[in-house]
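In what follows, residues are counted from 1 in the order of the sequence shown. Note: hydrogens, waters and symmetry copies are ignored here, and every other heavy atom, side chains too, is used.
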Amino acid sequence: MKKSKLISVLSAAVLTASCTATAVSSYASASDKSLSTGSTSLAFDISPSTENGVSAANPKTTAGFVWRMYNIALNREPDAKGLNNWVTKLNNHTATATDIIDGFFFSDEYKGKKKSADEMITDCYKAMLDRSPDATGMANWKKRFDVGMSMQAICKGFVGSDEFKGLCKTYGITPGTIKLRLAKDENYERTYFVYRLYKNCLGRTPDGAGLESWCKQIKSGKTGSNLVQGFVFSDEYKNKKTSNKEYISMLYATILGRSASNSEITNWTNQLNKGKSRQYAANGFLFSNEFKGQCQKAGIEVGSKIPAPEDIPPTPTQVNGTLYKGNGIIIKYKGISSPYNGITNINLYIENNNSRDLCIQIEDMSVNGYVINGIFSADIPTGKKINDEITILNSYLTKNNISKIKEIDIRFNIFDWDDYKYHITTDPVRIIADYKVTTN
């Protein structure tokens with residue numbers, strides 16, 4: 001481009017921005033570095049410059065700021081219409097420097113260049129900080145691209161810096177702010193949390209829509225356990241048909257963000273091989289201190305346990321007399337009676353052939369499907385036998401409209417009364433009865 005034409009374009013921009021109607025009647029000579037526009041005289045350095053690849057025609061004015069954006073982002077000189085438009089907006093304070101950043105870096109022309117992450121980050125440094133990137137900064141911003149954050153998240157980080165504000169001050173323009181459009185751009189740790197699930201669980205980088213959807217769900221209150229359940233127990237992961245060892249390795253990488261030791265892998269794999277469910281294993285990871293730390297970094301609540309088969313009580317076994325037999329302990333059902341007005345007793349016979357002195361209590365009980373609080377606690381020394389009873393207040397029965405006891409579901413809690421370290425919770429059993437409750 002000839003120097004006279006360059007000066008003409010810049011002159012037009014300045015004249016339009018200041019609403020000056022004076023026409024430029026003559027151009028400076030090739031060696032002249034000033035342009036007279038009536039009452040306004042602007043000085044331009046038109047000598048060659050290579051700093052940041054920006055044109056030397058770069059005065060510290062609104063026109064100069066717009067010019068350098070064309071040069072850095074679009075790698076071309078501005079067209080007169082575009083230059084005039086942006087300069088006018090800046091001078092009228094209807095646009096900020098950030099508006100220009102947004103307009104250039106999100107234009108179809110810039111997107112069409114299909115630049116690499118390194119190239120886009122370099123453009124941000126040159127456009128917004130007026131310098132080349134340092135290695136640490138480049139790595140920091142690149143990892144945001146790597147997890148799926150957009151160019152707007154990168155730009156927001158730059159325009160919020162003191163360096164950018166200082167640059168805008170030298171051009172006499174307002175810095176402005178960027179309002180993020182996407183949830184995935186708001187918080188790196190949160191987005192990285194979702195990215196890690198995609199990468200380590202599903203074995204792929206997230207698609208844009210999926211990443212944005214999960215980030216939105218976290219904003220709306222989804223917890224860490226919600227996300228883990230959504231990925232680990234998705235059809236996509238199940239279809240991988242992984243072995244128990246592969247599953248445990250995946251949990252370490254996905255939930256804890258690290259590799260596991262051989263002993264850790266062996267321990268959990270053995271538990272799965274012996275019948276523990278995959279949900280049980282996942283819950284073991286979810287409520288570890290390591291995962292709590294991961295959630296705190298991302299600003300996410302840990303959440304509740306994933307429903308596991310181990311948490312669902314088995315269907316009670318119907319029994320005729322023996323409610324429990326094992327570990328040297330026998331508990332037998334001996335019938336129902338009402339020895340006093342207002343109470344009903346479930347009569348039991350108990351033997352303790354265990355080597356420990358034991359206490360037996362009720363873990364949970366229901367009558368005809370209604371939860372009932374029975375009164376029972378039996379202390380049984382080793383080698384002894386007792387007859388005892390579970391006492392039910394009839395008021396509990398009448399409150400639930402129970403006039404006849406048809407079935408009783410019950411589990412017992414058995415433990416060593418000396419140190420409480422020995423502990424058994426029995427499987428649920430069902431007693432079939434036909435007993436009319438005494439109401440007198």
Problem set entry | Flag if over 12 foreign heavy atoms under 6.0 Å of CD, Glu301 | no
Exercise. Below 4.0 angstrom, N of the basic side chain to O of the carboxylate: do Glu236 and Arg204 qualify?
Worked result: yes
For this session: For Met128 and Cys155, work out which heavy atoms get closest and say how close.
Result: CE-SG, 4.0 Å
For this session: Take Glu389 and Ile346 through the test side-chain contact (heavy atoms from CB on, under 4.5 Å) and record every step on the way to the result.
Result: CA-CA 5 Å; Glu389 60 278 326; Ile346 301 170; over 6 Å; no
Exercise. Could you state the interatomic distance from CD (Glu189) to CD (Gln296), rounded to the nearest 0.5 Å?
Worked result: 12.0 Å
Exercise. NZ of Lys115: more than 12 outside heavy atoms within 6.0 angstrom?
Worked result: yes
For this session: First locate atom CG of Leu323, then atom OH of Tyr349, and finally report the distance between them rounded to the nearest 0.5 Å.
Result: 13.5 Å
Seminar exercise, completed: Distance col, row Ile343:CD1 vs Leu393:CG, nearest 0.5 angstrom, shows 8.0 Å
For this session: Measure up the Phe105 and Tyr110 rings against each other and bin them: parallel (under 30°), tilted (30 to 60°), perpendicular (over 60°).
Result: perpendicular
Exercise. Between the main-chain N or O of Ile329 and the side-chain N or O of Asn353, is there a donor-acceptor pair closer than 3.5 Å?
Worked result: no
For this session: Compare all side-chain heavy atoms of Pro307 with those of Gln229 and state whether any distance is below 4.5 angstrom.
Result: yes
Exercise. Does the pair Asp185 and Lys156 meet the rule for a salt bridge (Lys or Arg N to Asp or Glu O under 4.0 Å), with working shown?
Worked result: CA-CA 9 Å; Asp185 290 338; Lys156 183 174 177 62; over 6 Å; no
Exercise. Can you tell me how far CG of Asn273 sits from CH2 of Trp268, rounded to the nearest 0.5 angstrom?
Worked result: 13.0 Å
For this session: In sequence, state the C-alpha distance, the side-chain angles, and the governing distance for Glu290 and Arg258, and then conclude on salt bridge (Lys or Arg N to Asp or Glu O under 4.0 Å).
Result: CA-CA 10 Å; Glu290 283 186 83; Arg258 67 173 175 88; 2.6 Å; yes
Problem set entry | Any donor-acceptor pair under 3.5 Å from Thr426 side chain to Phe412 backbone | yes
For this session: Please test Lys113 against Asp123 for salt bridge (Lys or Arg N to Asp or Glu O under 4.0 Å), starting from the C-alpha separation and ending with a verdict.
Result: CA-CA 12 Å; Lys113 294 181 179 297; Asp123 286 347; over 6 Å; no
Exercise. So does Tyr396 have more than 12 non-hydrogen atoms from other groups sitting under 6.0 Å from OH?
Worked result: no
For this session: Taking Arg196 for its side chain and Thr254 for its backbone only, find out whether a donor-acceptor pair lies under 3.5 Å.
Result: yes
Exercise. Counting only N and O atoms by type, is there a donor-acceptor contact under 3.5 Å from the side chain of Thr122 to the main-chain atoms of Asp118?
Worked result: yes
Exercise. Is Lys240 salt-bridged to Glu246, going by a charged N under 4.0 Å from an acidic O?
Worked result: no
Exercise. Any side-chain heavy atom of Pro309 within less than 4.5 Å of one from Gln279?
Worked result: yes
For this session: Mind checking the OH-CG spacing from Tyr370 to Asp409? Nearest 0.5 Å is all I need.
Result: 14.0 Å
Exercise. Does Arg278 reach the main-chain N or O of Val232 with its side chain, forming a donor-acceptor pair under 3.5 Å?
Worked result: no
Exercise. Within the side chain of Arg144, is there an N or O that forms a donor-acceptor pair under 3.5 Å with the backbone of Asn140?
Worked result: yes
Exercise. Closest approach of Ala97 and Ile173, non-hydrogen atoms and distance?
Worked result: CB-CD1, 3.7 Å
Exercise. What class does the angle between the rings of Phe104 and Tyr70 fall in, given that below 30° is parallel, 30 to 60° is tilted and above 60° is perpendicular?
Worked result: perpendicular
Problem set entry | Contact summary for Asp357 and Pro381, nearest pair of heavy atoms | OD1-CA, 3.4 Å
Exercise. Between Glu264 and Leu256, is any pair of side-chain heavy atoms under 4.5 Å apart?
Worked result: no
Exercise. Can you name the closest pair of heavy atoms from Tyr435 and Ser338 and give their distance?
Worked result: OH-OG, 2.7 Å
Problem set entry | Pair Lys384-Asn352, side-chain contact (heavy atoms from CB on, under 4.5 Å): steps then yes or no | CA-CA 6 Å; Lys384 302 299 181 180; Asn352 178 15; 5.6 Å; no
Exercise. Does Arg356 reach the side chain of Trp417, with side-chain heavy atoms less than 4.5 Å apart?
Worked result: no
Exercise. Under 6.0 Å from the CG atom of Asn239, do we count more than 12 heavy atoms belonging to anything else shown?
Worked result: yes
For this session: Examine distances only and state if a side-chain atom of Asn354 and a backbone atom of Asn327 form a donor-acceptor pair shorter than 3.5 Å.
Result: yes
For this session: Check the pair Asn394, Thr344 against side-chain hydrogen bond (donor to acceptor under 3.5 Å, both in side chains), reporting the backbone distance first and the verdict last.
Result: CA-CA 6 Å; Asn394 286 356; Thr344 296; 2.7 Å; yes
For this session: Give me the ring orientation class for Tyr125 and Phe158: parallel if the planes are under 30° apart, tilted from 30 to 60°, perpendicular past 60°.
Result: perpendicular
Problem set entry | OG1 on Thr242 to OH on Tyr237, rounded to 0.5 Å | 3.0 Å
For this session: Report yes if some heavy atom in the side chain of Ile360 is under 4.5 Å from a heavy atom in the side chain of Ile331; otherwise report no.
Result: yes
For this session: Look only at the side chain of Thr398 and the backbone of Ser395, and say whether a donor-acceptor pair between them is shorter than 3.5 Å.
Result: yes
For this session: Answer whether the closest heavy-atom distance between the side chains of Met120 and Ile154 falls below 4.5 Å.
Result: no
Problem set entry | Stepwise side-chain contact (heavy atoms from CB on, under 4.5 Å) test for Ile255 and Ser288 | CA-CA 10 Å; Ile255 299 180; Ser288 65; 5.7 Å; no
Exercise. Got a sec: does the CZ of Phe287 have more than 12 other heavy atoms crowding it under 6.0 Å?
Worked result: yes
Exercise. Hey, mind stepping through Cys124 and Met151 against side-chain contact (heavy atoms from CB on, under 4.5 Å) and telling me if it holds?
Worked result: CA-CA 9 Å; Cys124 287; Met151 181 67 167; 3.3 Å; yes
Exercise. Hey, does the side chain of Ser225 reach the backbone of Ser304 with a donor-acceptor pair shorter than 3.5 angstrom?
Worked result: yes
For this session: Check whether any side-chain N or O of Asn345 sits under 3.5 Å from a backbone N or O of Ser337 as a donor-acceptor pair, and report yes or no.
Result: no
Exercise. Does any non-hydrogen side-chain atom of Asn400 lie less than 4.5 Å from one of Val367?
Worked result: no
Problem set entry | Residue of the set Tyr252, Tyr280, Tyr247, Phe291 for which ring-ring contact (aromatic ring centres under 6.0 Å, His included) holds with Phe285 | Tyr252
For this session: Verify the neighbour count for atom CG of Asp162: are there more than 12 heavy atoms of other residues, nucleotides or ligands below 6.0 Å?
Result: no
Exercise. Taking C-beta and beyond as the side chain, do Tyr333 and Val429 meet within less than 4.5 Å on heavy atoms?
Worked result: no
For this session: For the pair Trp214 and Phe231, name the ring-plane relationship: parallel under 30°, tilted 30 to 60°, perpendicular over 60°.
Result: tilted
For this session: Determine, step by step, whether Asp99 and Lys89 satisfy the salt bridge (Lys or Arg N to Asp or Glu O under 4.0 Å) criterion, reporting the C-alpha distance in whole Å, the side-chain angles of both residues, the deciding distance to 0.1 Å, and the verdict.
Result: CA-CA 10 Å; Asp99 293 325; Lys89 287 181 178 180; over 6 Å; no
Problem set entry | For the student: nearest non-hydrogen atoms of Gln152 and Lys179, plus distance | NE2-O, 3.4 Å
Exercise. Which heavy-atom pair separates Pro206 from Leu211 by the least distance, and what is that distance?
Worked result: CB-CB, 4.0 Å
